[in-house]
Amino acid sequence: MTSVQLVLFGAAGDLAHRKLLPALYDLYREGRLPAEVDIIGVDLAEMDSDSFTAFACDAADTLGRFFPKDVDADSWTAFAQGLSYVQGDATKPETFERLAAHLDETAPEGERPERVYYLSVAPFLVDPIVTGLSTAGLLADVDRDRFVVEKPFGRDIESARALDKVLLQTADERQVYRIDHYLGKETVQNLLAFRFANALFEPIWDARYVDHVQITVSETVGVEHRGGYYEKAGALRDMVQNHLLQLLCLVAMEPPVAFQADEVRNKKVDVLKAVRPITTDRIHEVAVRGQYGEGYLAGERVAGYRQEPKVAPHSTTETYAALKLEVDNWRWHGVPFYLRTGKRMPRRVSEISVQFRPVPHRAFPSGADEAWQPNRLVLRIQPDEGIVLRFQAKRPGPSMLLRPVSMRFDYEDAFETPPDAYETLLLDAIRGDATLFMRADQVEQAWKVVDPVLQAWADSPPAEFPNYASGTWGPAAADRLLARDGRAWFEPLPPDATPPGIAPEAVADAGK
Ligand code: BG6
């Protein structure tokens, strides 16, 4: 590959420090970046190239995969040589003039480098940055200049369309990489492999056999120092419109004809198009919001959302959202998909549970199947990445007693530690492979799903916030959402996949 100049807007920010800079160093350290790669940080923060290098070193040191456990001073020194910084206001044209001059000065001799602009910035800065880049002639080469836009892409369907219009006036769709980092996770990509490279599950992957699907993405963290951003976003925009709907698409999509970017994207968009529109009169039946109050996590007292920095004392922003969605197509007719996400919950878990229907006839003697549960397949995205299949087994002994047991696949046992999602996606953007990035129509369809809820929630501010204590599984209304259908949220499986409510010795027996 030719040389690359990667320009990081928002270089002094949280995402750059937590994810992007460590991922770039780790890629470099593994020899997966092109040999000649320059990383140019751009931010309003008063820094120069030396202090930016120290900032990047701290990021790689504290959050990278290699550093400092496997300090390789030579590789750090070589990596650091490619780091530089341009201080400037992204809303001012002069910043882009200085950036253009800097890119020309630092470009290696010979072929013109590929240029990747990563916009790790607040949504309102996307338009000025892309316009600034274009005016300075920095997006002129459709094949070699591209930019990555972080989510949320817009605030609703109207603003996403308006943003697309601006972007596509100044650039070509092939240059726009709309990122959703969940698509870079190995376990998320594995959903395609699991479903379409195995003959076993696809024939029963439909309304005839599946009772319902639950998608849970819970976090223990609060908003930390991102209150300024989060106040304008909320859980529905921050997580559901993108990450959770991506998971829904991968679980519910039809098999692609070929594993090509557009083919896979088409099948995913079809799912979103089939989601039954949420009408205003149904909102209270299908959507629940929540905000965390103070509480306890891992024995520590933690503050409520309204006490977090940069959060309004009477904020109505939701930190928890749950939706019941229905996919109106032949395959999924009548199968509800329950989605939930929240901050400050008891455990950090992303998992998809596919609950199969019960057997048509239970032939076992009464009492044999007290602990009986229909089959469930749990796709664990993180942590404890893996897949668990729950089924019934006879407990050893003289009488016929059934117990649910688990069959498990653990990534850790089968493969090496997977790279961080940002490593995968940064590398794809550098190589110009858009398969794992979102197309404009997909983003729009995703807004179409959540827009009515956003609108209804904005029109009727919640009276009861905060409505769940930190360290709990969300508001009581979320339990009622499923209880109305005669169901309950599954407590995410513990790491050893012991079925909840079953004495460990019973499981040990059953596993024999
Ligand atoms: C980001 C959200 O997109 O995803 C954050 O903006 C959230 O609020 C994060 O914490 C969760 O990502 P992960 O990879 O830790 O599940």
Side-chain angles (χ1 to χ4, degrees), residues 10 13-20 22-23 26 63-65 118-123 125-126 148-155 177-191 215-248 250 289-292 297 302 305 308-311 315 317-321 339-352 379-385 411 417-426 436-438 443 446-447 450 470 474 492:
D14 176 69
L15 185 68
H17 189 264
R18 242 178 348 108
K19 294 286 183 185
L20 304 174
D26 289 346
L63 298 158
R65 282 197 288 134
Y118 197 114
L119 277 55
S120 168
V121 293
L125 284 171
V126 173
V148 180
V149 189
E150 265 293 338
K151 48 118 297 224
F153 191 86
R155 293 187 47 74
Y177 284 59
R178 298 173 191 80
I179 197 167
D180 179 327
H181 80 276
Y182 263 57
L183 295 180
K185 291 183 192 280
E186 286 291 334
T187 41
V188 172
Q189 294 174 54
N190 188 50
L191 286 170
I215 302 181
T216 294
V217 177
S218 61
E219 299 185 275
T220 50
V221 289
V223 286
E224 313 201 292
H225 42 275
R226 295 167 72 222
Y229 151 77
Y230 201 86
E231 276 283 87
K232 296 201 188 78
L236 210 52
R237 286 192 180 90
D238 185 49
M239 297 292 285
V240 179
Q241 189 269 347
N242 32 76
H243 307 328
L244 277 89
L245 288 184
Q246 285 295 338
L247 297 179
L248 168 75
L250 289 163
R289 59 184 153 173
Q291 187 191 75
Y292 63 84
L297 258 163
V302 291
Y305 177 69
E308 302 278 17
K310 297 198 190 150
V311 169
S315 171
T317 301
E318 83 282 358
T319 60
Y320 176 99
L339 280 53
R340 64 171 169 171
T341 183
K343 294 205 182 278
R344 282 277 189 244
M345 306 197 74
R347 283 178 36 214
R348 173 176 178 255
V349 176
S350 297
E351 70 181 32
I352 301 168
L379 302 145
R380 294 168 141 185
I381 307 299
Q382 68 187 22
D384 311 310
E385 291 80 358
Y411 269 79
T417 317
D420 184 77
Y422 276 97
E423 288 179 45
T424 307
L425 295 171
L426 277 163
L436 296 178
F437 292 81
M438 292 181 298
V443 176
W447 280 122
V450 298
S470 289

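Note that ligands are numbered from 1 as they come in the structure, with each ligand's atoms numbered from 1 the same way. Only heavy atoms go into these numbers, but all of them, side chains included; no hydrogens, no water, no symmetry mates. What you are looking at is a predicted structure, and each value in this text was computed from that prediction instead of being measured.
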(request) Could you give me the CA-CA distance, side-chain angles and deciding distance for Arg18 and Asp14, then say whether salt bridge (Lys or Arg N to Asp or Glu O under 4.0 Å) is met? (result) CA-CA 6 Å; Arg18 242 178 348 108; Asp14 176 69; 3.0 Å; yes
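Proximity to Lys151 (heavy-atom distance under 4.0 Å) selects the following atoms of ligand 1: 1 (C), 2 (C), 3 (O), 6 (O). Taking every heavy atom of Lys343 and a limit of under 4.0 angstrom, the matching atoms of ligand 1 come to 5 (C), 7 (C), 8 (O), 10 (O). Of all the atoms in ligand 1, the ones that sit under 4.0 Å from a non-hydrogen atom of Arg348 are 15 (O). Close contacts between ligand 1 and His181 involve ligand atoms 1 (C), 3 (O), 4 (O), 12 (O), 13 (P), 14 (O) [criterion: under 4.0 Å to a heavy atom]. Numbered from 1 in the order shown, with element, the atoms of ligand 1 that lie under 4.0 Å from a heavy atom of His243 read 1 (C), 3 (O), 4 (O). The contact set between ligand 1 and Lys185, taken as ligand atoms under 4.0 Å from a residue heavy atom, comprises 13 (P), 14 (O), 16 (O).
In this structure, of Asp14, Asp238, Val188, the residue bringing a heavy atom nearest to atom 8 (O) of ligand 1 is Asp238.
Using modelled atom types, one finds a donor on one side chain and an acceptor on the other under 3.5 Å when comparing Tyr182 with Ser350. Side-chain contact annotation: Tyr411 with Asn190, donor-acceptor N/O pair under 3.5 Å present.
Partner His181 forms a side chain to side chain contact (heavy atoms under 4.5 Å, CB included) with one of Lys151, His243, Lys19, Gln246 and no other, that one being His243. Test Phe153, Phe437, Tyr118 against Tyr177 for ring pair (Phe, Tyr, Trp, His ring centres under 6.0 Å) and you get one pass: Phe437.
The shortest contact between atom 9 (C) of ligand 1 and any protein heavy atom is with Glu219 OE2, 4.0 Å.
Judged by the shortest distance from any of its heavy atoms, Tyr182 lies inside the 4.0 Å radius around the atoms of ligand 1.
Residues Ala16 and Ser120 come closest through the heavy atom pair N-OG, 4.2 Å.
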